[in-house]
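To start, the structure under review is shown below, and the notes come after it.
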Amino acid sequence: MKKIKIISAFTMLFLLIGNTIFSQNNKDKKGFALLELYTSEGCSSCPPADELMGKIQKQYKDSNVYVLSYHVDYWDKQGWKDIFSSASNTKRQYDYAKFMEKEPIYTPQLIINGKIDYIGSQETAVQNGIHSALSKPAITEIALEANAHENKLNVNYSLSKVSKDNRLFIAVVQKLAKSNVKRGENANRILSHFQIVRSLNSFAFAGNSKGSVSLALPKDFNTKDFEVIGFVQNMNTGIILTANRAIFAQNLL
């Protein structure tokens, strides 16, 4: 562990799906687990956590478990610059440190549902955290429909419950990548990365339970190698209230 408006047929279909989901969940709301890993190619303790995220992604692919890997930039001056790192990822980790009143930050740090952190490579503890999260019903539900056109992503959302303290986050996620690291603590290793957050955008709900948002896409985006995950976070506590994968229009028609 390292410390450092004519409504289209498709729109109608989306609304029907969202309403069906909410109707079902009113009877039996399911739990979910949003895993946010803070990692770096420059950290020798991180590859086991990265591999674990790949294992979990495969294990829970049909469940309400969502993996996001944020590559932080504070390792970039230690001999190797992580190509996926960003200052915004580091800032989000610091925001969690404030929410949870838990410092210093470290890698690999894993946070589940914005509530509890784990050393990201400790599989037993992480699996127990996932099971605990899944056992607790979500207090709200969200449906997401996405449409990618050129370098722009449009996302329609439908939420069962909205609070003024909540924000919608949309993560564009690259499912898999490999890096040939030549320097730093992982010198001469080929590292595998899973569920890499390539961009994260947040939006205010403005009191509306349904709406649409738009954001820019990475140039190499495609619906085979990427996915879009949305989640709702309480900005007073940091707690994640719900999460879901976006359904792409071409997958419904």
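All values below were derived from every heavy atom in this structure, side-chain atoms included, with hydrogens, water molecules and symmetry-related copies excluded. Since the structure is predicted, the reported quantities are computational estimates derived from the model, not experimental observations.
Remark: side-chain polar atoms of Asp73 are not paired, donor with acceptor, to backbone N or O of Ser85 under 3.5 angstrom. Judged purely by atom type and a 3.5 angstrom limit, Gln93 uses its side chain to pair as donor or acceptor with the backbone of Tyr106. When atom types are taken as modelled, the side chain of Thr39 and the backbone of Pro108 share no donor-acceptor pair closer than 3.5 angstrom. Asn89 places a side-chain N or O within donor-acceptor distance of the main-chain N or O of His71, the cut-off being under 3.5 Å. Under a 3.5 Å cut-off, the side chain of Glu150 and the backbone N or O of Lys152 do not form any donor-acceptor pair. Judged by distance alone, the side chain of Asn180 and the main-chain N or O of Ile190 form no donor-acceptor pair under 3.5 Å. Using modelled atom types, no side-chain atom of Ser214 and backbone atom of Asn154 make a donor-acceptor pair closer than 3.5 Å.
In this structure, the side chains of His193 and Ser179 come closer than 4.5 Å at one or more pairs of heavy atoms. Using a 4.5 Å heavy-atom threshold, the side chains of Val126 and Leu52 count as touching. Under the 4.5 Å side-chain criterion, counting only non-hydrogen atoms from C-beta, Leu241 is not in contact with Phe231. Between Pro47 and Arg189, some side-chain heavy-atom pair lies under the 4.5 Å cut-off.
For the 3.5 Å distance criterion, the side chains of Gln174 and Glu227 fail to qualify, holding no donor opposite an acceptor. In this model, no donor atom of one side chain and acceptor atom of the other lie less than 3.5 Å apart for Asp165 and Asn234. For the residue pair Asn186 / Ser44, no side-chain donor-acceptor distance below 3.5 Å is found, with atom types taken as modelled. Looking only at atom types and distance, the side chain of Arg167 has no donor-acceptor partner in the side chain of Gln233 under 3.5 Å away.
Looking at Lys55 and Glu123, a side-chain N of the basic residue comes within less than 4.0 Å of a carboxylate O on the acidic one, giving a salt bridge.
Annotation: salt bridge (Lys or Arg N to Asp or Glu O under 4.0 Å) contacts involving residues 79-100, sequence neighbours excluded, comprise Glu36-Arg92, Asp76-Lys81, Lys91-Asp95.
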Verdict with supporting geometry, Tyr157 and Phe205, ring-ring contact (aromatic ring centres under 6.0 Å, His included): CA-CA 10 Å; Tyr157 65 84; Phe205 285 110; 5.4 Å; yes
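One hydrophobic cluster, built from ILVMFWY side chains closer than 4.5 Å, cannot hold both Ile105 and Leu35; they sit in different ones.
Checked against the 6.0 Å centroid criterion, the rings of Tyr66 and Tyr60 do not qualify as a close aromatic pair.
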